[in-house]
Amino acid sequence: MNKNKKVEDEDIHKHRGDLKLENVNVHYGNNHAIIDVSMLIKEKYVTAFIGPSGCGKSTLLRCINRMNDEIVGCKTDGKIHWGGINILGKDVDPVPLRRKVGMVFQKPNPFPKSVYDNIAYAPRIHGIRDKSILDKIVEKSLKNAALWDEVGDRLGDSAMGLSGGQQQRLCIARTLAIEPEVILMDEPCSALDPIATAKIEDLINELKKKYTVIIVTHNMQQAARISDFTGFFYLGKLIEYDKTKKIFENPREELTENYMTGRFG
Amino acid sequence: MAYLWSNKKFKGAVKKNPFHLKFNFREKTIVLLLFVAASLAIFFSAAILYTLIDGAIPFFEKVSIIDFLTGLVWIPTESVQLFGVLPLVIDTLIIAGVALLIGAPLGVAASIYLSEFASPRVRSIVKPIIELLAGIPSIVFAFFALMFISPFFVDNFGAGYFNAISAIIVIAIMIMPIIISISDDAMKAVPNHLRETSLAVGATKWETATKIVMPAASSGIMASILLGLARGIGETMIVLMVAGGRVGYDLLQPMLPMSGYIGRVATGDMPPGLSHSAGFAVAIVLFIMAYGINSLGARIVLRIKTRTSVKSKKLEKKKNILARTILKISSVFLYVFLKIGSTIKSNLGKIRKFIRKDKLLTLKERYWKQRIGIGLVSSSIIIAFVFLVVLLWFVFSQGISGINLTFLTSYPSRYPEKAGIFPVVMGSVYLMLITMVFAAPIGIGAAIYLNEFARDNGYTRFLRRIIQNLAGIPSIVFGLLGYLFFAHVLGFGMSLLSAGLVLSIMVLPIVVVATEEALKSVPDSFREAARGVGSTRWQTVRHHVLPNALPGISTGLILSLSRAIGETAPILFIVSYFTKTAPSGIMDGFTALPSQIFYWSQHAKPEFHVLAASTIIILLIILLGMNAIAIIIRQRAQAKRDW
């Protein structure tokens with residue numbers, strides 16, 4: 001029994017590499033929100049999804065950790081291959097999957113608990129009870145999220161008392177605490193001021209050394225600043241996907257160029 | 001364990017899928033239990049139907065349904081028995097209808113004042129008064145009607161000792177809080193931009209309130225009136241104690257509405273046999289009327305809440321035929337009521353035209369109109385307030401002399417000076433505990449299932465409707481349920497257990513609604529965050545939703561229990577008034593505070609009426625204490641909460 005568990009745990013820490021999306025389709029009721037998207041997301045790079053509101057970029061992001069399962073009436077087809085597994089498959093349990101594919105939401109959403117408990121929560125539900133290990137995880141996560149210097153001396157305070165930018169970095173730390181491989185960010189800076197945004201962007205640059213980061217953003221300058229690859233979405237379709245430099249400087253599609261130059265959107 | 005969190009890379013190809021979906025036994029078991037808790041409502045509803053039908057079968061073996069439904073004479077106890085239910089129906093409609101004619105305008109006026117004119121400070125004073133009025137058990141209203149209002153009509157208008165008008169007046173006041181709270185919600189829900197638009201074109205606040213807000217909230221106001229009507233039709237204790245036991249059509253004389261007759265069966269006034277089982281037949285008619293009107297009202301309320309959803313429109317088409325028929329029957333009454341109202345209204349217009357020929361109102365006149373209007377609507381609140389003060393003053397002045405150590409520690413007795421309520425208080429306390437033991441897990445479990453786990457499918461909607469409609473069943477029908485189903489069919493006897501079960505079912509919808517509100521108040525972002533870091537659904541609920549909803553849930557639970565221990569009619573069949581000892585087990589006979597109040601107010605000796613008033617004081621103190629605890633919990637939670 002115990003031995004079995006070990007093997008599984010090793011499985012879950014296996015290095016999985018690139019994400020390969022294959023003909024992903026998403027329906028919300030009658031609305032065809034994502035149409036036939038296929039793309040290869042490289043590991044340990046930052047990939048940005050851009051496009052006008054309602055183009056489906058957030059929906060696609062939420063496919064990758066199966067958060068769309070939580071929405072009533074949302075149906076996902078297609079495949080996302082990751083380390084030899086189709087994570088959209090019926091036999092995949094989203095609960096352990098989300099341990100390896102973390103998510104940071106648009107609005108900072110810390111739990112109404114202390115800073116410490118916010119970060120320790122997920123390791124605890126995954127079975128860690130040892131206080132010294134939890135302490136280490138909390139410290140390491142906060143340091144990795146560039147928040148330790150600011151809140152390290154008040155871990156017992158309520159997370160609701162932090163500033164918006166601190167709350168968002170706390171949410172990132174909370175995600176890092178479960179040692180994911182992929183971090184999904186759904187417009188993580190849209191509710192933040194420019195200074196807080198700059199801090200998060202610096203952090204993303206750090207994070208890509210260890211993690212695959214996929215970020216949805218409305219802000220094209222942000223995509224240009226932080227991402228290595230960019231996918232442009234329009235009306236549920238992936239119009240163009242390439243190196244960020246190429247997309248911004250010399251797009252292949254006219255639609256992309258129109259969007260970049262602000263002619264619509 | 002540290003090993004688990006090392007990021008050691010595993011070399012070599014691993015064929016196994018680490019995310020493989022496993023059967024999570026714990027999770028599935030919990031969801032199944034919650035599902036069962038929610039589904040129990042179907043069983044309870046079925047038990048109520050079974051009770052009514054099984055109890056009425058002996059009656060319909062002797063009396064044909066046609067004679068019963070169309071007969072114009074109701075003589076249950078003479079040698080020639082006649083069972084025509086129409087006189088009872090008419091008396092029910094007269095009492096509920098007249099009470100509504102008084103209570104509805106007062107209630108709607110009060111809600112206009114509260115929603116449109118009252119300052120936040122006034123609101124914060126008036127709202128608790130209305131809640132207090134809503135929290136007073138009907139037995140207390142009945143006592144007040146019998147001892148205070150009825151003598152007034154006897155002395156000044158030559159009314160009989162038992163008369164319908166006293167019952168009607170207190171029922172009117174009793175349904176006011178229902179109408180106020182729902183109408184107020186409906187008017188508060190009218191979007192503010194409508195008010196602003198109206199004010200911006202130069203309307204006064206009064207014109208805005210009556211010409212813009214009220215029409216926009218009309219369906220909610222209508223629903224509140226329907227729910228008040230259903231309450232009036234189902235009210236038992238007041239008509240049983242005050243309105244007398246004889247069919248009649250004079251407001252100053254006794255009347256016998258349906259609930260009054262069933263109450264008489266419950267108290268043993270009717271000899272066993274046909275007149276006894278006739279109670280069940282009458283209960284079927286009462287059930288259909290109250291249930292139909294209530295579900296119509298509840299449906300309107302629901303429609304307002306989900307006005308934008310497309311799905312509800314689709315559902316409209318799929319309404320089943322039975323429900324439609326019930327609704328049609330109940331809407332006939334509604335139509336008659338509206339007809340009367342509209343006739344009055346159109347004539348009002350003529351009168352107004354007669355007094356003042358069509359001319360433009362000057363600004364001064366419009367302001368006067370506003371002043372008079374606000375004066376009128378605010379006076380309805382004063383009426384409710386005065387009523388409450390007089391009621392409390394009367395009860396206290398009557399009963400305070402009876403409260404002493406002997407009263408609190410002795411047993412009920414034939415001698416008023418020796419009588420006490422010790423076993424009665426214990427009976428109520430035990431009853432409350434048993435009710436909590438059943439109502440809390442079932443109600444909270446059902447709410448968690450409905451709010452956190454249920455998919456929006458036909459079964460879920462069916463469950464919701466069933467639970468919601470439990471709230472529309474007259475309390476005396478619950479009395480029949482306890483008597484026939486729990487006491488006899490299940491063999492629990494006239495015991496605390498039977499009574500506790502009945503009360504739990506009765507308060508179930510209140511617990512479910514309160515719990516769901518508390519769960520809904522927890523932001524979805526908490527759920528999303530928890531799911532995002534890999535919590536299961538139950539872990540999300542257990543770690544994040546429940547802790548944050550707990551104050552709301554416990555507040556709702558305490559308020560439901562305070563409602564339960566104030567109820568008389570549901571346990572009318574079951575209590576044993578002559579219990580000499582406090583109950584020692586759940587299968588023991590018992591008596592409870594409201595039942596003892598009922599028993600003593602019916603007593604011939606006036607000394608016992610004092611004891612009844614003293615018992616009311618004790619009951620009110622307990623209820624007030626529970627409400628205070630609920631308020632403290634709520635306020636402390638609000639002060640502590642940082643989201």
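So that the names make sense, note that chain A is the first sequence line, chain B the second, and so on, each numbered from 1. Because the structure is a prediction, the values reported are computed rather than measured.
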Please check if atom [atom1] in [X] has more than 12 non-hydrogen atoms from other residues, nucleotides or ligands closer than 6.0 Å.
X: A:Lys79; atom1: NZ; value: no
X: A:Lys107; atom1: NZ; value: no
X: A:Tyr45; atom1: OH; value: no
X: B:Lys520; atom1: NZ; value: yes

Nearest-0.5 Å distance that lies between atom [atom1] in [X] and atom [atom2] in [Y]:
X: A:Glu70; Y: B:Thr540; atom1: CD; atom2: OG1; result: 7.5 Å
X: A:Leu97; Y: B:Leu21; atom1: CG; atom2: CG; result: 11.5 Å
X: A:Arg124; Y: B:His543; atom1: CZ; atom2: NE2; result: 9.5 Å
X: B:Ser535; Y: A:His126; atom1: OG; atom2: NE2; result: 7.0 Å

A:Arg174 and B:Ala529: which non-hydrogen atoms are nearest, and at how many Å?
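Distance-wise, the nearest heavy atoms are NH2-CB, 3.3 Å.
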What closest approach, in Å, do B:Ser525 and A:Asn109 show between heavy atoms, and which atom pair accounts for it?
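Result for this residue pair: O-ND2, 3.2 Å.
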Candidate pair B:Glu528 and A:Arg62, rule side chain to side chain contact (heavy atoms under 4.5 Å, CB included), full reasoning:
CA-CA 11 Å; B:Glu528 213 167 34; A:Arg62 292 166 65 96; 2.9 Å; yes
Atom group of B:Asn24 that falls short of 4.5 Å from chain A, counting heavy atoms
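Neither part.
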Between B:Arg527 and chain A, with a heavy-atom cut-off of 4.5 Å, which part of the residue counts as in contact: side chain, backbone, both or neither?
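When you check distances to chain A, no heavy atom of B:Arg527 falls under 4.5 Å.
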Looking only at heavy atoms and a cut-off of under 4.5 Å, which of A:Arg66, A:Met160, A:Met103 has the most pairs with chain B?
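Highest number of heavy-atom pairs under 4.5 Å: A:Met160.
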Passes side chain to side chain contact (heavy atoms under 4.5 Å, CB included), A:Val95 versus B:Arg531? Steps please.
CA-CA 8 Å; A:Val95 171; B:Arg531 299 291 277 144; 4.0 Å; yes
Kindly assign one of parallel, tilted or perpendicular to the pair A:Phe111 and B:His544, based on the angle between their ring planes and the thresholds 30° and 60°.
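Plane angle under 30°, so parallel.
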Using non-hydrogen atoms and a 4.5 Å limit, figure out which bit of A:Lys90 sits close to chain B: side chain, backbone, both or neither.
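When you check distances to chain B, only backbone atoms of A:Lys90 fall under 4.5 Å.
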